[in-house]
Amino acid sequence: MRYALLADIHANLAAFTAVLDDIERRGGVEEFWCLGDIVGYGPDPSPCIELLRKYKHVCVAGNHDLAAIGKLALASFNPDAAFACRWTAKQLSPRDIEYLGSLPSVIEKDDFTMVHGSPREPIWEYLISKGSAKENFACFKTKFCLVGHSHVPFIFRQDEDGSCSFISLSDSIGQVLGRRRMIVNPGGVGQPRDGDPRASYAIYDSDSGVVRLYRVAYDINATQVKMVKNNLPMRLVVRLEHGL
Ligand code: ZN
């Protein structure tokens, strides 16, 4: 079976549809595994939720998903993120709010634990260092863990001596999820932050055990124009073209 790993769509419909087209072009998948933050920052929160719901999927809650429906205080958001979140809240339909409110913070499926941030702190922790990865391996029971939140594609592997290795994921390069436990981040669909502005996602093939990252060019300008039209913060508009 093939599964699409999607994280941090962030209401970027142009990026999301480009990724969906790319998945189709590659022969499709059985199910989407979505790692949270469907909304926040971007100009199309409701259309992105509606589109995701058309597909067979599972999804965990991200910090922006919860903040947009008032389940997480905005005090911990930076001013631009908080502004975008308040704007997002006004765009959501009752059906969207009900859906976001139904998302669990942790999903366990087969060999995988799925969270937005980290298994230790599913909503908030940015899992980006070997030190935090090492501690987080103790916080989930399955062999593998899938995370989002940092918008950077990577794998942390737990080595025999208990230490952690960092493996960067690049476009079209496959990684076998083998004997060692791993924490995998497929990067961000709607707001990549690794210096590559193309949308990032991965396909996991359970038959071969390979996870493969894909980068997809999309119409960044179309998203930026909508953001400007809706008076979303310029810093959020500009960062899309830099992938930072
Ligand atoms: Zn995010």
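Keep in mind it's a predicted model, so treat the numbers as computed, not measured. Every number for a ligand or one of its atoms is a count from 1 in the order of the listing.
Under a 4.0 Å N-O distance rule, the pair D171/R198 qualifies as a salt bridge. Ion pair D194/R215 flagged as a salt bridge, since at least one NZ, NE, NH1 or NH2 atom sits closer than 4.0 Å to an Asp/Glu carboxylate oxygen.
Among H10, H116, H151, the single residue meeting the ring-ring contact (aromatic ring centres under 6.0 Å, His included) criterion with H64 is H10.
For the pair R26 and Y214, the distance from NZ or CZ to the six-membered ring centre is under 6.0 Å and the angle to the ring normal is within 45 degrees.
With the Zn ion (ligand 1) as vertex, H10 NE2 and D37 OD2 subtend 90°, rounded to 10°. At the Zn ion (ligand 1), the vertex angle linking NE2 of H151 with OD1 of D8 is 90° (nearest 10 degrees).
Look at H116 and the Zn ion (ligand 1): no N/O/S atom of the residue is under 2.8 Å from the metal.
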